[in-house]
Amino acid sequence: MEQEKRLPGTFRILIGCTGSVATIKLPQLIQCLAESIPGAEMKVVVTECARRFFSTDEIPSGTPVLTDANEWSAWKHRGDPVLHIDLAKWADLMVLAPLDANTLAKIAQGLCDNLLLCILRAWEPSKPLLFCPAMNTKMWQHPITAEHVSRLRAWGYHEVPCIEKTLMCGDTGPGAMAEVDTIVQNVREYLKL
């Protein structure tokens with residue numbers, strides 16, 4: 001990825017989506033961020049599991065959606081671009097919405113076996129990173145989840161807490177991703193808007 005020219009007054013937001021059904025809200029999140037943050041440039045990175053929950057046709061035009069395949073197609077030889085490094089440098093802020101239990105556990109343990117996780121390992125701790133957990137109530141209430149969330153917070157990441165509601169599986173309880181408006185408001189606060 002060539003270093004892109006930056007327009008004055010713009011913000012670069014990287015959205016990471018993981019394998020939670022809450023990924024169905026990705027198009028709405030992009031639209032709301034665009035409306036609420038004039039001049040926002042956005043790129044989306046999705047895990048393979050996240051791809052099951054939306055169609056690229058639903059994504060507002062001009063917002064690239066990147067996958068693991070993009071990482072490997074960009075690099076062929078020494079000196080070629082390294083996408084996960086370039087994206088970590090490009091963004092002013094990253095928001096993980098939704099962050100499923102599997103990816104939460106991988107981040108907390110330092111794993112980096114896909115494009116999204118490699119970006120997180122290269123993320124500069126001085127830049128804001130917001131995470132929005134989303135999982136079944138039983139998964140949310142498992143003791144290991146609190147440990148993983150605590151570790152991310154200790155690194156300076158900001159949690160946008162999940163909410164309680166009836167989940168897609170029919171269970172009722174905590175674990176649903178925060179409302180899109182709440183996520184957008186948190187992003188605005190971190191960008192000091």
Side-chain angles (χ1 to χ4, degrees), residues 1-18 20 22-47 50-51 53-71 73-74 80-100 103 107 114-134 152-153 155-163 177-193:
M1 176 191 326
E2 258 180 59
Q3 192 65 305
E4 299 172 28
K5 298 239 186 248
R6 184 167 200 136
L7 300 171
T10 60
F11 297 99
R12 293 175 172 172
I13 301 170
L14 191 57
I15 302 169
C17 289
T18 65
S20 164
T23 296
I24 63 173
K25 295 183 178 182
L26 175 60
Q28 180 189 3
L29 176 60
I30 294 168
Q31 189 64 43
C32 288
L33 284 167
E35 290 170 0
S36 173
I37 304 171
E41 296 177 53
M42 288 176 272
K43 294 182 181 182
V44 178
V45 176
V46 296
T47 63
R51 293 174 72 181
F53 297 108
F54 73 97
S55 163
T56 51
D57 297 343
E58 301 169 310
I59 303 300
S61 65
T63 304
V65 177
L66 304 164
T67 67
D68 293 349
N70 296 106
E71 173 91 287
S73 66
D80 284 349
V82 179
L83 185 59
H84 65 271
I85 300 297
D86 289 345
L87 289 169
K89 290 177 181 177
W90 174 85
D92 297 313
L93 175 144
M94 186 167 189
V95 58
L96 301 173
L99 175 58
D100 67 6
T103 305
I107 296 167
N114 61 38
L115 175 58
L116 180 60
L117 292 169
C118 286
I119 293 165
L120 291 165
R121 277 300 292 267
W123 190 255
E124 177 60 47
S126 64
K127 296 198 297 188
L129 189 146
L130 287 68
F131 66 99
C132 309
L152 269 62
R153 281 201 219 120
W155 294 339
Y157 298 171
H158 174 74
E159 179 187 6
V160 182
C162 63
I163 58 174
M177 185 175 80
E179 296 295 343
V180 167
D181 289 344
T182 303
I183 297 168
V184 171
Q185 184 55 43
N186 275 265
V187 169
R188 286 180 55 82
E189 286 171 13
Y190 271 82
L191 292 176
K192 297 181 176 25
L193 298 175

Exercise. CG/Leu120 to CZ/Phe131 distance, rounded to the nearest 0.5 angstrom?
Worked result: 11.5 Å
For this session: Quick one: closest heavy-atom pair of Val160 and Ala178, and the distance?
Result: CG1-CB, 3.6 Å
Exercise. Taking side chain as C-beta onward, heavy atoms only, is Pro98 less than 4.5 Å from Cys17?
Worked result: yes
Sequence neighbours excluded and cut-off under 3.5 Å, please list the side-chain donor-acceptor pairs for residues 30-39, or say none.
| from | atom 1 | to | atom 2 | distance (Å) |
| --- | --- | --- | --- | --- |
| Gln31 | NE2 | Glu35 | OE2 | 3.1 |

Exercise. In Å and rounded to the nearest 0.5 Å, what is the CE to CG distance from Met94 to Leu129?
Worked result: 6.0 Å
Problem set entry | CD-CD distance between Gln185 and Glu179, expressed to the nearest 0.5 angstrom | 14.0 Å
For this session: Take Ile183 and Met177, measure what side chain to side chain contact (heavy atoms under 4.5 Å, CB included) needs, and give me the verdict at the end.
Result: CA-CA 9 Å; Ile183 297 168; Met177 185 175 80; 3.9 Å; yes
Exercise. Taking atom types as modelled, is there a side-chain donor on Ser73 or Asn70 under 3.5 Å from an acceptor on the other?
Worked result: no
For this session: Could you tell me the separation between the CD1 atom of Ile15 and the CG atom of Leu96, rounded to the nearest 0.5 Å?
Result: 10.5 Å
Seminar exercise, completed: dist Ile13:CD1 -> Trp90:CH2 (nearest 0.5 Å) comes out at 8.0 Å
For this session: Quick one: closest heavy-atom pair of Val184 and Leu29, and the distance?
Result: CG2-CD1, 4.1 Å
Seminar exercise, completed: Here the pair of heavy atoms bringing Ala91 nearest to Lys127 is O-NZ, 2.5 Å
Exercise. Please walk me through it: do Leu152 and Glu159 pass side chain to side chain contact (heavy atoms under 4.5 Å, CB included)?
Worked result: CA-CA 8 Å; Leu152 269 62; Glu159 179 187 6; over 6 Å; no
Problem set entry | Rounded distance [0.5 Å steps], OG in Ser20 versus CZ in Phe53 | 6.5 Å
Exercise. Is there side-chain contact between Asp86 and Val82, with heavy atoms separated by less than 4.5 Å?
Worked result: no
Problem set entry | Proximity of Tyr190 and His158 rings by center, below 6.0 Å | yes
Exercise. Crowded around Arg121 CZ? As in, over 12 foreign heavy atoms under 6.0 Å?
Worked result: no
Exercise. Is the closest side-chain heavy-atom distance between Leu14 and Leu93 below 4.5 Å?
Worked result: no
Problem set entry | Side-chain heavy-atom pair His84, Val45 within 4.5 angstrom cut-off | no
For this session: Could you tell me which residues satisfy side chain to side chain contact (heavy atoms under 4.5 Å, CB included) with Asn114, sequence neighbours excluded, listed by chain and number?
Result: Thr47, Asp68, Leu116, Leu117
Taking distance alone, no hydrogens or angles, what donor-acceptor pairs closer than 3.5 Å link side-chain atoms of residues 54-65 to residues at least two apart or in another chain?
| from | atom 1 | to | atom 2 | distance (Å) |
| --- | --- | --- | --- | --- |
| Ser55 | OG | Asp57 | N | 3.2 |
| Glu58 | OE1 | Ser55 | N | 2.7 |

Problem set entry | Close side-chain approach of Leu66 to Val44, heavy-atom, < 4.5 Å | no
Problem set entry | Expected output: side-chain Glu71 to main-chain Leu83 donor-acceptor under 3.5 Å | yes
